[in-house]
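Following: one structure in structure tokens, then a few remarks.
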Amino acid sequence: MESWLFLGLILAIALLGRNKSLIIATAVVLVIKLLPQADKWLKFVGDRGINWGVTVISVAILVPIATGKIGFKDLVNAFKSPAGFIAVGCGILVAVLSAKGVGLLGQSPEITVALVFGTIVGVVFFRGIAAGPVIASGMTYVILTMVNAVLNRG
């Protein structure tokens with residue numbers, strides 16, 4: 001019963017914040033909970049959902065290349081400015097942080113609750129997008145590693 005109330009609260013917050021992505025995501029999870037063998041379906045989606053999301057985002061990123069809006073000339077031009085180099089560096093950093101973050105979520109599932117809450121607050125109240133949990137978990141991993149290193153020195 002608690003999960004229904006929690007999801008209902010998230011749906012209400014999403015509706016108040018008019019966040020379509022979170023409304024759809026919560027509605028999908030609520031519908032899955034209604035299905036026979038919901039636990040199996042939720043585990044299936046939970047185990048594979050991040051990979052599906054990354055795939056969908058990757059497809060969306062590749063569409064401008066497929067439509068010809070971005071070509072090799074644009075790639076070369078990106079390296080002619082400091083912003084292009086910074087963007088490449090940030091892309092690498094986010095990819096590495098995300099990989100570390102997924103590992104952290106596997107080791108410490110309790111962190112997921114805090115990350116989900118932070119993501120919901122960021123999406124609803126600060127007009128962010130829900131791409132953040134994996135990146136946030138990577139940032140958490142880095143900060144925890146640094147804190148542990150400092151604490152273990154002293």
Side-chain angles (χ1 to χ4, degrees), residues 1-71 74-75 78 86-149 151-152:
M1 184 60 151
E2 182 180 350
S3 64
W4 287 99
L5 292 173
F6 201 167
L7 289 167
L9 177 63
I10 292 169
L11 181 60
I13 291 169
L15 289 166
L16 286 172
R18 296 182 183 155
N19 187 286
K20 291 178 186 176
S21 296
L22 190 56
I23 292 168
I24 292 168
T26 308
V28 166
V29 170
L30 287 168
V31 168
I32 291 172
K33 281 186 69 65
L34 293 171
L35 297 174
Q37 300 180 340
D39 290 342
K40 283 185 180 180
W41 286 106
L42 290 169
K43 182 175 177 1
F44 180 77
V45 172
D47 289 346
R48 293 171 177 81
I50 290 176
N51 288 333
W52 293 343
V54 169
T55 301
V56 170
I57 290 170
S58 296
V59 167
I61 289 170
L62 294 174
V63 166
I65 295 170
T67 60
K69 289 183 181 176
I70 296 176
D74 299 301
L75 178 62
I86 292 169
V88 169
C90 287
I92 292 168
L93 180 62
V94 165
V96 171
L97 287 177
S98 296
K100 296 292 186 184
V102 169
L104 177 65
L105 292 177
Q107 293 172 349
S108 305
E110 69 278 2
I111 290 176
T112 303
V113 176
L115 291 171
V116 168
F117 178 74
T119 300
I120 291 168
V121 169
V123 165
V124 173
F125 297 109
F126 297 100
R127 300 285 181 217
I129 58 169
V134 173
I135 297 166
S137 63
M139 293 169 67
T140 302
Y141 170 84
V142 169
I143 292 168
L144 288 174
T145 301
M146 289 172 24
V147 167
N148 287 334
L151 293 176
N152 290 333

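As a basis for the values below, the full set of heavy atoms in this structure was taken, side chains included, without hydrogen atoms, waters or symmetry mates.
- Looking at N152, its side chain never comes within 3.5 Å of a backbone N or O of A149 through a donor-acceptor pair.
- Note that CG of D47 and CG of L42 are 10.5 Å apart. Values are rounded to the nearest 0.5 Å.
- Only one option out of L16, I10, L9 pairs with I13 in a side chain to side chain contact (heavy atoms under 4.5 Å, CB included); it is L9.
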side-chain contact (heavy atoms from CB on, under 4.5 Å) assessment of L97 paired with Y141: CA-CA 8 Å; L97 287 177; Y141 170 84; 5.8 Å; no
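- At a threshold of 4.5 Å between non-hydrogen side-chain atoms, the residues L30 and L34 do not count as touching.
- Of all heavy-atom pairs between I32 and A38, the closest is O-CB, 3.4 Å.
- One distance of note links CG of L151 with CG of L144; it measures 10.5 Å at 0.5 Å rounding.
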Stepwise side-chain contact (heavy atoms from CB on, under 4.5 Å) test for L7 and K33: CA-CA 11 Å; L7 289 167; K33 281 186 69 65; 3.5 Å; yes
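- Taken from OG1 in T26 to CG in L15, the straight-line distance is 8.5 Å, to the nearest 0.5 Å.
- When every heavy atom of T67 is checked against every heavy atom of P64, the shortest pair comes out as OG1-O, 3.2 Å.
- Within 6.0 Å of atom NZ in K40, 12 or fewer heavy atoms from other residues, nucleotides or ligands are found, so the atom counts as exposed in its surroundings.
- Looking at K43 and D39, no side-chain N of the basic residue comes within less than 4.0 Å of a carboxylate O on the acidic one, giving no salt bridge.
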